[in-house]
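What follows is one structure encoded as structure tokens, with my remarks underneath.
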Amino acid sequence: MNVQTLLVLSLLVPAAGAVFIVVLRNRPNLREAASLVAAGVLFGVVFRIHAAVTQGARPSVELAEPFPGIPVALEAEPLGVLFALVASFLWFVTTLYSIGYMRGHEEKNQTRFYVFFAYAIASVMGVAFSANLFTLFLFYEILSLTTFPLVTHAGTEAAKRAGRVYLGILFSTSIVFQLLAIVWTYRIAGTLDFQPGGILTGLSGGMLTVLLALFVFGIGKAAVMPFHRWLPAAMVAPTPVSALLHAVAVVKAGVFAILKIAVYVFGIEVITETGASLWLMWVAAATIILGSLVAFTKDNLKARLAYSTISQLSYVVLGAMLANRWGIIGGGMHIAMHAFGKITLFFCAGAIMVAAHETEVSRLKGLGRTMPVTFCAFFIGTLSIVGLPPAGGSWSKWFLGLGSLEAGQVGLVAVLMLSSLLSLAYLMEIPLKGFFFKAGGRGDPEGIREAPPFSLAAIVTTAAACLFLFVYPEPFFRLMSMVVGP
Amino acid sequence: MTGAVMDVLAWVLLLAGAFFTLTGALGMLRLPDVFTRMHAGSMTDTMGAGLILVGLCFRAGDPLIVVRLGLILLLLCFTSPISSYALAKAALHVGIRPYTRDRAGEGSEGGQPSRP
Amino acid sequence: MAEHFPILQVVVPLLLAPFCFLVRHGKVAWTLAVFGSLSALFISLNLLATVLASGPLSYAVGGWPPPFGIEYRIDAVNAWVLVLVSTVAAMVAPYAQASVEREVEARRIPLFYAAFLLCLAGLLGIAATGDVFNVFVFLEISSLSAYALISLGQDRRALTAAFRYLVMGSIGATFIVIGIGLLYAMTGTLNMADLAERIPEIADTRTVKVAYGFLAVGFFLKLALFPLHLWLPNAYTFAPSAVTAFLAATATKVAVYMLLRFSLTLFGAAFSFDVMRLDRILLLLAVVAIFSMSLVAIFQVNVKRLLAYSSVAQIGYMILGLSFASVTGLTATLLHLFNHALMKGALFMVLGCVAYRIGSVHIDAMAGLGKRMPLTMAAFVAGGLSLVGVPLTVGFISKWYLILGALEKGWWPVAGIVLVTSVMALVYVWRVVESAYFREFPRGDEKVAEAPFVLLAPTWALIFLNVYFGINAGRTIGAAESAARMLMEAVS
Amino acid sequence: MREEVILRVGAKVLTPFIVTFALYVHFHGDYSPGGGFQAGVILAAAFVLLALVYGLDAVQRVLPPWFVQTCAALGVLIFAGVGVVTLALGVNYLEYGILSHDPKHGQHYGILGVEAGVLVTVFGVMVTIFYLFAGRKRSDP
Amino acid sequence: MNLLVDQVVSSYNYWIVIFLMMVGFYILISRGNLIKKLVGLSIFQTSVFMLYISMGRITGGTAPILLDDPGAVYSNPLPHVLILTAIVVGIATTSVGLALVVRIKEAYGTVEEDEIHRIETEKGH
Amino acid sequence: MFTVVAVALLVAMALVMCRALLGPTAYDRVLALNNIGTMTVVLIAVLGFLSGRPDFLDLALVYTLINFIGTIAVLKYFEYGDLGAEAPGEGSTDAADAE
Amino acid sequence: MSRILGLWVILFIGWLLLSGHWESRLLLIFGAGTCTLAVYVAVRMRTLDAESVPFHLAGRALAYIPWLLWQILRSNVRVARMILSPRLSLDPAVVQFRSSQKTDLGRFIYANSITLTPGTVTTGINGDDFEVHAIARSEVDGSEENEMNRRVTVLEGPSS
Ligand code: NA
Ligand code: NA
């Protein structure tokens, strides 16, 4: 099977999975098996692509040509492969987790959930392998649409409101800023193709700054302040959806897009030489700090995690804006590292919700003793997010710090450290409360047990991955090195 | 010779017709109520239109045109009294009372309802 | 027979119209209407193919050579308009049967189809003819039958809406015919090609400028350019669903075509833009229209009215493209002309499906329909996304060229307005979607089923075209671009 | 005995002439274009006059509403049909010359045909509209 | 004398057109009665006939349209046809308008615009 | 001399138009308008001569008819509020309804 | 039948006068058809009777019409003088009287003759009872009205 076919398959496999899920809607076991199989096959497909790409291949395939010269086309390059690897792997894990969670929580419309989850993954593959800005935009928008039913899964008034904010911000920013930026790019460059070294050469710094800002703010999924509100709003969704949003697909698609645009549209050198991104670095830095500070004030566990995500996403944005070797490598790796860390945390939060029906941080005291695995995993996830050994997150933070130094931005290093401290504080509170505080005022401690086995398996997997990536970050590092070149 | 006579005749008829038409129009303005104005109107219809059309006949040349002029005149003479009759009858029907010398003081318009 | 296609394009529906009336039987009349629309489509596609293959066609009515007799002239521009109009008709006609049966009194149904065919003939005639007075005649044929069609709506407000449309439409038509008269007085010809040759010689006379003004105002009225759009919302709201779908997709488009034809082919781009400063007026009106009407649409509760206001805004986009006075802008105009017909046709047809089942298109009445009528509402979502301008739909193509045109000019705020109003479109579309998907169906036990196949099939056919021409826009773009180039370079 | 004697006799005498005149205008229309339209109006006027004087019912018995409506549609058919005949004969639409050996006569026939269509339509429409209005009581004072 | 009239007719025709348009338009917007509106509209449209009639005089085209042979001098029948067509259109418009008014009268019991508006707004509340 | 007549007619029409505008009763207006109609007919005839195109005369004939029928219609509407009504006191010996 | 023929002939004469194209066989055929249609309409409307085709009066009308024209001329002058006199000295009156005609046609002619002569307008007919509005009482006082009545009755002929 040649690699072009694999690229198309990366879209078709999840889509076909969705079809099977619909067909098997009345037999939950088979339905979820179909989902798992699709996820497994997809990971296999992406892994094959990965193998090809690491050997230097750049397979590409054109699906359609809506405009003359602007095709819908896929191309595999290292950054996209990295993202696709993370997403496809986490789809499998999340599906595993969902089986336990959705059943344990007795959610309605489970078929719809699995179907749109599969479609969302298909869109993510489209984003990851997009060969030009138009294709990226296209799948970006499809991703917004396919995740919408997931965000509003509950169907309640609150879900409706959340859906409004979600789609409102994502669509508005993408239409008003991103689309404008894309058309402008086309107007200047005459092409929208991603090319190593970028396509915007010979432009003045001022114009570049504006264009870059249009992209950064236009990609609302990256949740750069002030366009971050959709992410906390989307908390109403079931936990697997939160996992999808925060780790697997949506926000990652956002920061991935920024990274990809920085590298392949602007070109690292162009950004560095023109200094177009200087103030945007500080916007990212501000988001990092503010996100952490807000997270501190949240008692609701998912809300706290949501603001943590906002903060962490801007690490990637920062990496892209640094636009030097270490910044890009750090940013790219942070996509993966944060994904594994954050998904662990969300899984744990969901498990706590399913098992103990608790959502507030202040009410978790003593739970660690009844749910030790979950709380251990949470602890590992925290390490990864904060960037402490022996978790994978420490690598990406390290590289970002190097990048800041290389750019001569000592202030940014300080920001990174401060943020790490803050996140350590607001995240570590949870395992601390769980293990070292006495349970107080809870009605029925006997009824609480560990999370459902499927969920637990997922949690253990991702937590283990966090540790594993500390030991073996090699694959991601190699891919990112290919991105920035020798 | 006959041509000159015809021209003069046409002149006279046309001017006379114009005179009666203008007089009728003046009557339309001067006379005090709808019934008396009808007399002025029928003046235009008969002598006014009639004399002009006959005058035109003398300048026509083509008999076909004379025929048409004659037809117009005939039609006018046929329809004009019918319209007048219908008008008078309708006006009386809705209770408009004719102006008389005795009631002249009531105002020239007779103080009748203005809308049927 | 093929050499007579330019005239048959118009004559076939025109000839079938009285038959509809004469048969006095709804089903038969419908069959005639479908036949008429399909043959019109067949002919128009043939014409388009011919024009693309071998250049413009000229047909002398009465066999008299063009300057004397009436000429029918088909070129790249109006061939597309013909295809557009007849495509929509071919979709609406099959759709009408069930919809009209539900919404129009049985005894008036033959009249309905007669008026429908007349309207179609009129619209096709406007596009096909190369004689300006003929344009007026066909304009009136289409308008008068449109008034009749609108007045057949269930609500009695359809009558007042039709009356208002009649008054405003007639004023517009009168302006147009005065403009035509003045041109005729100046040039002594009514033939478009002739006029295009002669007008430049006398372009600096006051009469020509006055004629231009009359024509422009007339077209503005007919195409419902803000603020002369007042007839449109009620007319679209209260007309029978099939009529709204048909008119929304065709009538204003043909009016835009007239504006393009007169201002660019007859008067020439140079005169229109450099002397008359049409672009400035249009820019102002278009921007205000787009923004204010999108805003108004957001607050509507009757979904038909909502889409009607949206139409006024969307017409603004077409005019905006023209106001760029560039090939790219004009390409955008022509693309949106075609694309908007596809999306609005589809959306109004969706509303027809809804009205068929629940008898109302109030946003509250549509609560919970997402579950009851999934295919119908899915069509709405798809059409709505096209309206917003999401990629892979035709709406995106239009927006793309509009923004490109604006950037070409360096008009950043205009590009911004196009984008912001797209978001506003999202808002008003989304209000309907929310009602359909996030609210409970109000009447629990009442059985509301999916719309019948005969309604859904044409609706989805149009939706399919929305996507097809969104994914495969090369052909439309190519055609629009070459037409735009032709219009811009006609005389200048 | 009869109040309306004047109108009655007047209408009675006038109508045959109006009808004749109407068709005169039509058949001589090709010497001054548009005869069909005027003829249709005049013909309709004859029946309007009758209806005004003798009442709507009397006229509708002779000229039922369905008949005039059919006229309206039929006229359009004739109008467009003449052109189709020329198409069928292998020349351009409305190229009347083909209708006779002598092109001049052909044009004459063609124009008469088209004008006949106009006449019938206009007549039908006018009378229909009159019917629409007659027989509806004015209700506001 | 003839010349004078010709002058008057040819130079003031536009003023007549404009005057009629204004009158018609004024009636159209100032009257609430739908029938009166139609009258206004008719007057408005009449301005077109005036324009074309005066144009016919300028162009001096006179009747027949029989085309003896293509090479012959071709006398222009157009102004006539145009006026007539415009009249037909005007009458057709008025007819459709009147038909609408009749149906409005049936539906609302009035042809006064403000009353119709009142009826609709009352129904709305 | 046609011109003189034409001008006289126009003046007369203007005078009568004043009456039509002044009223005061609707019948005054109808009368005035009917009168203007007659003068228009004559004017058409005169203008036909003036412009050397007497084929206007057919138009004048038509106009006479329309003027007449229009007046009758308006009066009937005023009187009965209905164009189609049979006049009261109608006998049954004339029209088609006489059986 | 004679009425049908008579009407047809009159109409056809009218056609010939209007048409002027006596050489065109086609137009003559059309004319014949037209007249037939007009007669047919009259027959269908049942309006074809002695009143609508007053052939029988033709001869006597030759005597009446000149007299009527003379009366019209005279009364026009009188009314014109009245209108033009600076002091509008009117004495309008409505008078009722009986006419002596025996037929509707006779009354029709009489009433219209009255109206045609300015100064008097017939305002109502009820059988033999006439109601006339006069611009001045003098218009109806004199013998002229009686004269007109007499002449129309003569015109009517001995029997209807
Ligand atoms: Na109109
Ligand atoms: Na009119």
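Reminder, nothing fancy here: chain letters follow the sequence lines and each chain counts from 1.
- Comparing G:Ala134, G:Ser19, G:Gly14 by heavy-atom pairs within less than 4.5 Å of chain B, the highest count is held by G:Ala134.
- Contact count versus chain B (heavy atoms, under 4.5 Å) is highest, among G:Val79, G:Thr120, G:Leu69, for G:Thr120.
- Residues B:Met47 and G:Leu73 approach most closely at SD-CD1, 3.5 Å, considering heavy atoms.
- Between the OG1 atom in G:Thr122 and the CE atom in B:Met38 there is a gap of 9.0 Å [rounded to 0.5 Å].
- With a threshold of 4.5 angstrom between heavy atoms, G:Ile114 does not approach chain B through any atom at all.
- Residues G:Asp91 and B:Thr100 form no side-chain contact, since every pair of their non-hydrogen atoms from C-beta on lies 4.5 Å or further apart.
- In this structure, CZ in B:Arg30 is found 8.5 Å from CG in G:Leu90, a value given to the nearest 0.5 Å.
- Considering only heavy atoms from C-beta on, B:Phe20 comes within 4.5 Å of G:Val77 through its side chain.
- Here the CD atom belonging to G:Glu131 is positioned 5.5 Å from the CG atom belonging to B:Leu92, to the nearest 0.5 angstrom.
- For chain G, no part of B:Leu51 is nearby; none of its heavy atoms comes within less than 4.5 Å.
- In this structure, the separation between CG on B:Leu31 and CE on G:Met82 is 9.5 Å, given to the nearest 0.5 Å.
- Using a 4.5 Å heavy-atom cutoff, the side chains of B:Ser42 and G:Thr115 are not in contact.
- Distance check, rounded to the nearest 0.5 Å: CG of G:Asn112 to OH of B:Tyr85 gives 10.0 Å.
- The shortest distance between side-chain heavy atoms of G:Val121 and B:His39 falls below 4.5 Å.
- Minimum interatomic distance between B:Arg68 and G:Leu17 (heavy atoms only, all atoms of both residues): NH1-O, 4.3 Å.
- The local environment of OH in G:Tyr64 is crowded, with over 12 non-hydrogen atoms from other residues, nucleotides or ligands closer than 6.0 Å.
- For the atom pair CG of G:Asn76 and CG of B:Asp45, the computed distance is 10.0 Å after rounding to the nearest 0.5 Å.
- Options B:Ala90, B:Ala88, B:Pro81, B:Gly24 differ in how many heavy-atom pairs under 4.5 Å they form with chain G, and the most are formed by B:Pro81.
- Aromatic ring pairs are classed by plane angle as parallel below 30°, tilted from 30° to 60° and perpendicular above 60°; the pair B:Phe78 and G:Phe108 is tilted.
- Residue contact with chain B, scored on non-hydrogen atoms closer than 4.5 Å, involves the backbone and the side chain of G:Ala80 alike.
- Between G:Leu18 and B:Leu64 the shortest heavy-atom distance is O-CD2, 4.3 Å.
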